[in-house]
Amino acid sequence: MVGSEETKTQVEPGVRRAKPRGRPRSFDRETALEKAILAFWEHGYEATSVSDLTRVMDIGAPSLYAAFGDKRSLFEEVVREYGVRYGSFADRALAEEPTARAAVERMLREAAVAYTDPGRPHGCLVIHAATNCSTPEVEESLRERRNANIAVLEGRISADIAAGELPAGTDAAALARCVGAVIQGMSQQARDGASRQDLEAVAEIALTIWPRT
C-alpha cells in the first residue's frame, strides 16, 4: 500500500532528520564595543577600516551596522565610552580638587599613569585618533572636544583668580592652553615610548611654572 510505504519512509530507522536552522550567533555588545575602543585607540580613526573592526570585534559587517551604525557612528560612541571608561580622570580631578592647581597636579600625575598603562594602547584616544585624519567631521568633533576640555580648565582658573588663589594678572586662557599642550605632549611621548616615570618628571617640571600668589 502506498500509505504504508510512506509511513515506513517517514519512520525508517537510522536516518537522521536535518535540524532546523538556528538563529544567527549573537554577540556581547559591550565586549564588541570595548574591542572597537582598543582598535581606534591603537590605530586612529582613518587607519582603522570596517574590515579591521569586524575582525577584532568578531562580528560580521551586517551585525556591526545593525548594532552601531556606520564607522563614523561607531567611532562617536567609542569616543563617548572612552571618556567614561578611561578618560574621566581629568573631569574627576577638576570636580574633586579644591583649586585649579591641585586639579592640574592630579590630572598630570594620573595622565602619566593612564597613558603608559601596559595593558592598553598608550596615550589618549581623543588626541591620537585625529592623527592623519582626512574626515573633516571627525577631525572637527575631536578638536571641539579637546577645546572644550581646555575651556573648562580656563573657567576653573578664572574662578581661582577671582577668589584670590591666583595672581590678578594671570592669563587664564594662556595657562589653560599651556596645560593642554603638556597633556597632549605627554600623550604623544607615551606613544613614542616614554615611561610613567618619564611623564611624571614632565609633570613635575610643568607645575613649576604655575603662578603663585
Side-chain angles (χ1 to χ4, degrees), residues 33-34 36-45 47-48 75-133 138-139 141-160 165-166 170-212:
L33 181 59
E34 176 68 12
I37 291 172
L38 296 176
F40 281 122
W41 193 350
E42 179 65 35
H43 304 291
Y45 177 80
T48 306
F75 181 70
E76 290 172 355
E77 183 171 352
V78 158
V79 171
R80 290 193 300 271
E81 194 62 23
Y82 168 84
V84 173
R85 300 185 187 188
Y86 303 109
S88 60
F89 62 87
D91 291 338
R92 289 197 306 270
L94 287 168
E96 296 172 5
E97 296 300 326
T99 65
R101 187 190 189 284
V104 167
E105 179 176 4
R106 174 175 164 182
M107 193 186 307
L108 294 180
R109 295 187 189 284
E110 293 190 7
V113 176
Y115 291 172
T116 58
D117 189 314
R120 306 169 189 160
H122 286 177
C124 171
L125 181 150
V126 176
I127 296 169
H128 175 62
T131 303
N132 297 324
C133 182
V138 171
E139 188 177 24
S141 175
L142 293 172
R143 183 186 302 116
E144 288 177 355
R145 185 175 290 268
R146 293 191 299 271
N147 285 336
N149 292 337
I150 291 174
V152 170
L153 179 56
E154 180 183 344
R156 185 65 185 277
I157 292 170
S158 296
D160 276 11
E165 293 286 348
L166 288 169
T170 300
D171 187 333
L175 186 56
R177 288 210 169 272
C178 179
V179 174
V182 171
I183 289 180
Q184 290 172 21
M186 289 172 68
S187 173
Q188 185 57 53
Q189 287 290 308
R191 301 283 304 185
D192 290 343
S195 68
R196 170 181 171 178
Q197 291 73 24
D198 292 333
L199 298 187
E200 287 174 340
V202 170
E204 289 288 345
I205 293 173
L207 289 168
T208 63
I209 70 171
W210 195 264
R212 300 282 187 175

Query raised in the report: What's the shortest heavy-atom distance between Met186 and Ala112, and which atoms?
Result: CE-N, 3.8 Å

Query raised in the report: Are any non-hydrogen side-chain atoms of Glu105 and Arg109 less than 4.5 angstrom apart?
Result: yes

Query raised in the report: How far apart are the closest heavy atoms of Arg85 and Leu33, and which atoms are they?
Result: NH2-CD2, 4.1 Å

Requested in this report: Inspect the contact between Arg92 and Glu97 and indicate whether a charged nitrogen and a carboxylate oxygen are less than 4.0 angstrom apart.
Outcome: no

Report task. Kindly compute the distance separating CG (Leu94) from CG (Asp91), expressed to the nearest 0.5 Å. Result -> 6.5 Å

Requested in this report: Specify the closest pair of heavy atoms between Gly123 and Ala190, including all atoms of both residues, with the distance to one decimal.
Outcome: N-CB, 3.9 Å

Query raised in the report: Is there a donor-acceptor contact under 3.5 Å from the side chain of Asp160 to the main chain of Ile157?
Result: no

Query raised in the report: Would you find a donor on one side and an acceptor on the other, under 3.5 Å apart, between the side chain of Ser158 and the backbone of Glu154?
Result: yes

Requested in this report: Nearest 0.5 Å please: distance from the CZ atom of Phe75 over to the OH atom of Tyr82.
Outcome: 11.0 Å

Requested in this report: Tell me, with the steps shown, if Tyr86 and Ile37 meet side chain to side chain contact (heavy atoms under 4.5 Å, CB included).
Outcome: CA-CA 10 Å; Tyr86 303 109; Ile37 291 172; 4.2 Å; yes

**Report entry** Side-chain heavy-atom pair Leu207, Arg101 within 4.5 angstrom cut-off
**Finding:** yes

Report task. Report the C-alpha separation of Val104 and Val182 in whole Å, then their side-chain angles, then the decisive distance to 0.1 Å, and conclude whether the side chain to side chain contact (heavy atoms under 4.5 Å, CB included) test is met. Result -> CA-CA 11 Å; Val104 167; Val182 171; over 6 Å; no

Requested in this report: Kindly determine whether Thr116 and Ser195 satisfy side chain to side chain contact (heavy atoms under 4.5 Å, CB included), including the steps that lead there.
Outcome: CA-CA 6 Å; Thr116 58; Ser195 68; 5.7 Å; no

Query raised in the report: Could you state the interatomic distance from CD (Gln188) to SG (Cys124), rounded to the nearest 0.5 Å?
Result: 11.5 Å

Requested in this report: Tell me, with the steps shown, if Phe89 and Val113 meet side chain to side chain contact (heavy atoms under 4.5 Å, CB included).
Outcome: CA-CA 11 Å; Phe89 62 87; Val113 176; over 6 Å; no

Report summary line: OH (Tyr115) and NE2 (His122) are apart, to the nearest 0.5 Å, by 13.0 Å

Report task. Flag the pair Gln189 / Gln184 as yes when at least one side-chain heavy-atom distance between them is below 4.5 Å, and no otherwise. Result -> no

Query raised in the report: Once you round to the nearest 0.5 Å, how far does CG of Asp192 lie from CG of Asp198?
Result: 11.5 Å

**Report entry** Mutual orientation of the aromatic rings belonging to Tyr45 and Phe40 [parallel < 30°, tilted 30-60°, perpendicular > 60°]
**Finding:** parallel

**Report entry** Closest non-hydrogen atom pair, Cys178 against Ile209
**Finding:** SG-CD1, 3.4 Å

Query raised in the report: Which value, rounded to the nearest 0.5 Å, describes the distance between Arg212 atom CZ and Glu165 atom CD?
Result: 11.5 Å

Query raised in the report: Should the heavy atoms of other residues, nucleotides or ligands under 6.0 Å from CZ of Arg177 be counted, would the total exceed 12?
Result: no

Just list the side-chain donor-acceptor pairs under 3.5 Å for residues 126-133, sequence neighbours left out, or say none.
{"residue": "His128", "atom": "NE2", "partner": "Glu42", "partner atom": "O", "Å": "3.3"}
{"residue": "His128", "atom": "NE2", "partner": "Arg191", "partner atom": "NH2", "Å": "2.8"}
{"residue": "Thr131", "atom": "OG1", "partner": "His128", "partner atom": "O", "Å": "2.9"}

**Report entry** Main-chain N/O of Ala102 paired with Thr99 side-chain donor or acceptor, under 3.5 Å
**Finding:** yes

